[in-house]
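Counting starts at 1 for both ligands and their atoms, following the listed order.
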Amino acid sequence: MVKGVLGLHHVTAISSDAQMTLDFFTKILGLRLIKLTVNYDDRSTYHVYFGDEIGHPGTVLTFFPWPGQPRGRKGAGQATNTSFSIAWESIPYWQDRLKSHGVSLEAPRKRFGDTVLSFEDHDGQGLELVGNREIEERTGWIQGPVPREHAIRGFHSVTLSEEVLERTESVLVDTLGFRPVGQEENRFRYEAGKGVAGTIVDIVSRPNAQRGFVSVGTIHHVAFRASDDEHQKYLRQEILKADLNVTPVINRNYFRSIYFREHGGVLFEVATDQPGFTIDESPEQLGTRLALPPWLEHSRTEIEKSLPRVTLPKRIVA
Ligand code: ZN
């Protein structure tokens, strides 16, 4: 059995407005809306999932829109950036595309040999595109508005900002099975599983940084992949051994999850690859209606009334 996590499963962030989030991630970044549902712990809030064609683990960025809530603050004890993988030749395309949509972006930078474009969405969410020289099997969502050769293929990595490198490193390496693979200045890189895009976590060591505040425009939690329930059970024991408080297994309909806060303060989740997003909608129909889990279906009318109205993206064939 594989011992460590396989890589990144999903990242969940907080936004201000469901419609603006839908528009930014589908129309500008060209991700597919794969699920529109509610936060199972707060059914008056949407939970919006974006990903590739069927939301393969490692491609899924999700949002809780919290209208009227204050902006968060990026800082230590937080996941501060979500990075997506694109072909290295696609950097100029994305510079033009983002600029033409009014997204301001920093000049491209080199990081571990790759070219990185950093930008933010309308809420200040920290996003990056990494021009990756590896040949990838992943294609991303190729029926969206971005030509297929330039499509976002899925996650490249997530960056954590930490005051004490060692205590978060020990959770990644000793508990979750990541391997340290490099350092550039105060950035330390770790890989899990196959060690390709989608399995990478960077820790930026910032000993004197202010603590972050999780709210609009910040990341809520980072989820890692367990291959199945047995693997998750094994990882749960490892987390307990590290003296971390971990939840029991929770059924999230599309996966089963456990949650714990790593020593530096970031909320981590370990989620199963199964059953996936096609459990309640066919691949063609993903994200075309409000999906509710069986235990909330009887309250559909009431839930629909309490949610802000949104216009869902139309499928565009490039
Ligand atoms: Zn999650």
Name of the Glu269 N, O or S atom nearest the Zn ion (ligand 1)?
OE1
Backbone or side-chain N/O/S of His9 under 2.8 Å of the Zn ion (ligand 1):
no
Would you call Asp174 and Lys241 a salt bridge, using N to O less than 4.0 angstrom?
no
So which of the N, O or S atoms of His221 lies nearest the Zn ion (ligand 1)?
NE2
Between the side chains of Thr272 and Gln232, is a donor N or O closer than 3.5 angstrom to an acceptor N or O?
no
Contacts under 3.5 angstrom, residues 200-207 side chains, donor-acceptor by atom type, not counting sequence neighbours:
unit_1: Asp202; atom_1: OD1; unit_2: Arg189; atom_2: NE; d: 2.7
unit_1: Asp202; atom_1: OD2; unit_2: Arg187; atom_2: NH1; d: 2.9
unit_1: Asp202; atom_1: OD2; unit_2: Arg189; atom_2: NH2; d: 2.9
unit_1: Arg206; atom_1: NH1; unit_2: Ser161; atom_2: OG; d: 3.2

Electrostatic pair Lys305-Glu302, nearest N-O below 4.0 angstrom
no
